[in-house]
Structures are given as structure tokens and as C-alpha cells.
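Just so it is clear: chains get the letters A, B, ... in the order the sequence lines come, proteins before strands, and each one is counted from 1.
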Protein chains: 2
Amino acid sequence: MSQQRHGSTPGNAPGDRAGAVAAFPDLPEATIARLPEYLRALHNLGDTGSDTISSEGLAAAAGVNSAKLRKDLSHLGSYGTRGVGYDVTLLIEQIEYVLGLHQRRAVCLVGLGNLGHALAGYDGFASRGFKIVALFDADASKVGEEVDGLTVRHIEDLGRVAVEENIAIGVIATPAGAAQAVADVLVDAGVTSILNFAPCVLSVPANVDVRKVDLAIELQILSFHEHRKASLIALPGGRSATADDQEAVGS
Amino acid sequence: MSQQRHGSTPGNAPGDRAGAVAAFPDLPEATIARLPEYLRALHNLGDTGSDTISSEGLAAAAGVNSAKLRKDLSHLGSYGTRGVGYDVTLLIEQIEYVLGLHQRRAVCLVGLGNLGHALAGYDGFASRGFKIVALFDADASKVGEEVDGLTVRHIEDLGRVAVEENIAIGVIATPAGAAQAVADVLVDAGVTSILNFAPCVLSVPANVDVRKVDLAIELQILSFHEHRKASLIALPGGRSATADDQEAVGS
DNA sequence: AGGCGCTTGTGAAGGCGTGCACAAATCGCG
DNA sequence: CGCGATTTGTGCACGCCTTCACAAGCGCCT
Ligand SMILES: NC(=O)c1ccc[n+]([C@@H]2O[C@H](COP(=O)([O-])OP(=O)(O)OC[C@H]3O[C@@H](n4cnc5c(N)ncnc54)[C@H](O)[C@@H]3O)[C@@H](O)[C@H]2O)c1
Ligand SMILES: NC(=O)c1ccc[n+]([C@@H]2O[C@H](COP(=O)([O-])OP(=O)(O)OC[C@H]3O[C@@H](n4cnc5c(N)ncnc54)[C@H](O)[C@@H]3O)[C@@H](O)[C@H]2O)c1
């Protein structure tokens, strides 16, 4: 993960694709994580009339502080007009370009169980710049099954198909025990981004990015806050009179 | 959200439930988010022999820095032995107590579409201290359906059932357009923690915690890194010779 | 043309989180 | 009983991120 900094050429507009292979402003990770939120808010706003949006308005729609929003957007090079706001369509274009959404990314999904089926049928992929191009499973009884227009293939074919379809992102929806093995297969096939739904840590080469979605972690964080809230609040309001350090569910 | 610090009474073991209503060490959010990871790693290690685990070993299993792990654990009050490590079962007990997992939390799920069905059938809830006690949907054709041992109820009944079952956590798996309305219903019913799968921001009172899981955001973050990697790397190794600023998917 | 109100972009300050490096503590063994 | 090996707990420094506050810039109205 080499870093690269360049103070010059701030005008890196989506229009001038000529020298577009050039370097990237190295955005803070925190900013990158928020750009998709801004993008969604912009798309929602796009329908509702106005051509421009103020940082205050967009920040409200995205649920963040307006100063933060301005700083985030300033990192990708000033596309607002003082006294007016940001041009909605231009800003959408700019953010989509930075996120690499100007090209449709090929995604494969591994593991067609409970969760895998839901993901395969999810239209949120296509509507946001991604396309599921292949489904894989190890279970012979699943291979050949047709899911949402795609035929489930055996995981052994992953290496070949990944190259054919130029797959960049792999989604793992297998049990935790199989996840590392699947990750290895994906890495061998040249996939450099992995989204992992299995509750386990994956070890991959440094050039591969892994993000994980763990339902249990989210719930446990919420549980902590419940616990804290219940232990701090004495008994004002609501039905919280029931002591927290007792049974919550019937049995 | 008042803060409270106490240097005394470091022995706040999960055993002495007598004065357990007392204050909480105000843990950093970042630490809280990692505790579930440690817990999972500990459970995995629990089966494999040894009674104690070193910070180095546990850190490796959880995929974090060992210094970070020690600092995290130190926040909940020193349960390790110098020269030896941490007692596995004791540490599990302690973390589970801090996370409020000593009691089983009642969870309800709203929206039994594609994703909702997968979540309802997920065994990762029960195995980690949660219990789905009710399912809700607005679609009359879904109400009455039996899913994984529970009957889908109409969302109008949510208020009543939430009190009956003492529901603390609500999971939203409806389309984005309905999510805010569902959140309002949950809040009115006294639910103070929400896990939101719909791609939208929810506005709730300050005492309600919301966490969101957004697939599209995760993918777009990965997409950004793909874009960056492709624009930085010239053409060494792999099959990355294909220019990034071109088509990725067939059409 | 000039002034006024509005909004962006950013300097600076403060807070939070991370990781190093080491002192303190404990165990096992001779 | 003492010593060395080992591992925890933490002081400290550094960097990232957030937030405030305000100057600079832009458009509109008179
Ligand atoms: N179901 C949910 O709502 C949910 C929610 C959050 C996380 N998860 C996690 O997602 C993962 C999948 O959950 P699920 O409920 O769909 O499980 P599942 O058992 O229903 O499905 C797992 C699928 O993976 C396939 N598989 C197993 N080993 C494989 C391998 N080596 N290569 C390819 N495919 C393989 C199986 O054949 C099966 O089809 C689990 O790790 C689970 O913890 C599930
Ligand atoms: N399917 C996935 O894999 C997936 C992944 C990530 C996020 N999501 C998100 O999760 C949500 C659900 O996705 P889905 O694919 O299951 O959609 P879906 O359309 O299949 O299911 C939505 C369900 O919500 C119910 N519903 C609608 N309005 C309601 C209301 N006011 N009260 C109660 N129930 C109501 C509908 O009757 C339906 O059963 C969406 O917001 C989607 O963006 C889905």
C-alpha cells in the first residue's frame, strides 16, 4: 500500500479522462466511507426539483455535520459555488468517478445458502454500479440450480470464470469454517476485494482488501448500549422499571 | 449520557451481582466494537485445550494488535495474570457481562421479504445471546405465514407485542421507503435499539441507538480501493494489465 | 456599480485512537 | 529463597478525525 501525494493538478475532473490514469488524491478513509452516503442522498434529492444543494441541506439528508461534509468534498477538489451550493448532477458524477463507479464492477457470490439466496436476488447491486456475474457453491446438490437468472457453478470453476468475467469483488456467504478456504481460492483467482459475511477473520495478502459484515457484532454493540442505558437510568419514563439484571426473555 | 469514573472497586467481577446496578466504566466506542471479536475468538479457542491465553495469542486470533487488545481489556478492569495470560473462561464471562449478554435479549424483525426470511432462519442469533421473539410485516399476504417456528404478525400489533415480550432490539428489513415509519413505530413501542438494513438514514430520539448495515456502502468502498489500486499500479503481476478506465463487465 | 446576504473552503484547536516501549508483576525452577 | 523468563498494564507521543469559526467568494437586488 504505497502512498502518493501531489499538491498540483487539483483539477481532476471526471471530464478530462485523457490523463485520468494519473494519481489519486489520497482521501482519508473516514471520508471514503461517507462518500456512498452522500451519493445516496444526492440520488434521492435528484428527483426532487432543485439543481443545486447546499452543504447544510445535503449534510442533513446524509445525517452528518455540514462542516464535515464540506471538508470531505473539498478533498476531491472544490465543486461547489460559494453563495449557491453544489451542482447536484456534477457532484454525483464526481463522487461516482472517485468511487470508481463509472465502470460496472463484476461481483461473484460464493455460498448459496440462506443468506446467499437473499443476496443473489437483491436489486441493490445493479442499481448501485455492481453486477453479479457468477454464483458458486461447493454443495453438489446446489450446483446447477438456477438462481435469479444465473446458474450456480461449482467452486472449482471459480479460477477460470474469474478471469473470463474479470471479477474484481468476491462476496463470501459460506459458513465460517469454509470462509478462509474460499478466500484463498478467490485470491488465487486474482480477486483483490472481498466482502465477508462469515463471522471469522480472514488472512489475505496485503494487496487484497477485505471488509466484513457481522450481524452478531452489531447486535452485541447494541446490547452493550442497552445494558449501559438500563444500568444508568434509575427508573424515569417508559416501561424500563423492570430491572435490567434480570430475565429479559421468558426463558 | 453522563460520564462516571471510579478508580476504586476494581473488583467488579460478574460474580458480585449484588451492587451490579452500579456504574459502568465508560469504554471507548472503538473498544466496544472490538469486544465481540475477542469474544468470538475466545469461544473458538475455548474448545482447543489450554485454560489461559496470552494477549499475543488472542490478538492474533482476533486479528488485532496485541497492545491494543491489552489496552482494551485493561479498560474493563484487569483480569489477566502477568507472566501467564488471561483465564479464558473468566474473560469470556467478563466480556459477556460488559456487553450485557448475561441476559438473553429479545429481538423482533420487521419486514419478511428476501432478506427478512434469511435473517429469521439465521442461527447466529440464538448462539450469541439473542432470541427472535416476533416477526412483523405490513403485507396482508405475509401475515399469518409461519417462518422458522414463528408466525408473522401484522405491524399494527407491534406496540402491544413489544411490551408483552419486552423487546429491546428491533431489526428493520423493509424497503427504504418504509424504514422511517417502522422506526417510528418501534420507538413508540419503547424499543431503544435498532439495527437497520434499509439504505437510508433514520431519525430517532437521542436515547435510541441505531446501527446500520448497508451492503452497497461496503461494496462502494471496495470499489474505491479497486479504482485506486488499478490507477496506481502500472502493470506488475497478476492479470491487471487491462486498463481500469475501461469496461469491466461485458455490457 | 455597489452593497448585502448567503455559502463555501479552510486554518486551528481539541479529542480520540493507536502503537511503541518499558516498568511492574507473576510463575517456575534450580 | 532468589533469579530469570515471560507477560501484563500503561505512560507517552504521534497522527487522524472532528468541529468551530471565519475570511473569501459568488450572486442578486437595488
Ligand atoms: N442467514 C443470515 O441471515 C446470516 C446473517 C449474517 C451472517 N450470516 C453468515 O453467512 C454465512 C452463510 O449463512 P447461511 O445462513 O446462508 O448458511 P447456509 O448454511 O444456509 O449456507 C451456506 C452455503 O455455503 C455453501 N458452502 C459450504 N462450504 C462451501 C465451500 N467451501 N465453498 C463454497 N460454498 C460452500 C453451502 O453449500 C451452503 O449452500 C454464515 O457464515 C453465517 O454466519 C448469515
Ligand atoms: N435482499 C438483500 O440481500 C438485501 C441486502 C442488503 C440490504 N437489503 C435491504 O433490506 C431491505 C429489504 O430487502 P428485501 O430484499 O428483503 O426486500 P423485499 O421487498 O423482498 O421485502 C420487504 C418486506 O418488507 C415488507 N414491508 C414493506 N413495508 C412495510 C411496512 N411499512 N411495515 C412492515 N413491513 C413492510 C414487505 O411486505 C416485504 O415483505 C431493503 O431495504 C433492502 O435494500 C437487502
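Taking the side chain as every heavy atom from C-beta outward, A:Glu37 and B:Lys212 approach each other to under 4.5 Å.
A donor-acceptor contact under 3.5 Å is formed by the side chain of B:Arg82 with the base of D:dT8. Evaluation of atom-type donor-acceptor distances gives no pair under 3.5 Å for the side chain of B:Lys71 against the base of D:dG9.
The interatomic distance linking B:Leu73 (CG) with C:dG17 (P) rounds to 16 Å, in whole Å. Residue A:Glu56 contributes atom CD, which lies 16 Å from atom C1' of C:dG5 at whole-angstrom precision. Rounded to an integer number of Å, the gap from A:Lys68 NZ to D:dA21 P is 17 Å. Look at CD1 on A:Ile32: it is 17 Å from C1' on D:dT18, rounded to the nearest Å. A straight line from OH of A:Tyr86 to P of C:dC6 spans 18 Å, rounded to a whole angstrom. Between the CZ atom of B:Arg34 and the P atom of C:dG17 there is a distance of 9 Å, rounded to whole Å. Look at CG on A:Asp72: it is 10 Å from P on D:dC17, rounded to the nearest Å. Rounded to whole Å, atom C1' of D:dT8 lies 14 Å from atom CG of B:Leu76.
Between B:His227 and A:His102, the ring-plane angle classifies as tilted under the 30° and 60° cut-offs.
Annotation: the terminal axes of the helix from C:dA1-D:dT30 to C:dG30-D:dC1 meet at 0°, where each axis is the rotation carrying the C1' atoms of four end pairs onto the next four (5 pairs per end, rounded to 10°).
In this structure, A:Ser50 and A:Val88 approach most closely via the heavy-atom pair O-CG2, 4.2 Å.
Side-chain atoms of B:Ser55 lie closest to D:dT8 of the nucleotides D:dT8, C:dT10, D:dG9. Among the nucleotides C:dC27, C:dT10, D:dT8, the one closest to the side chain of B:Arg70 is D:dT8. The side chain of B:Asn65 sits closest to C:dG19 out of C:dT8, D:dG9, C:dG19.
No side-chain donor-acceptor contact under 3.5 Å links B:His43 and B:Arg40. In this structure, a donor-acceptor pair under 3.5 Å is absent between the side chains of B:Ser74 and B:Asp72.
A salt bridge links A:Asp209 with B:Lys229; the closest basic N to acidic carboxylate O contact falls under 4.0 Å.
Looking at heavy-atom distances under 4.0 Å, A:Ser78 makes contact with sugar-phosphate atoms alone, never a base.
Within the 3.5 Å criterion, the main-chain N or O of B:Ser203 finds a donor-acceptor partner in the side chain of B:Gln180.
Map B:Glu29 and A:Ala67 each onto its nearest nucleotide of DNA chain C; the residue landing nearer the 5' end is A:Ala67. Checking B:Ser74 against A:Thr81, the closest nucleotide of DNA chain D that is more toward the 5' end is the one next to B:Ser74.
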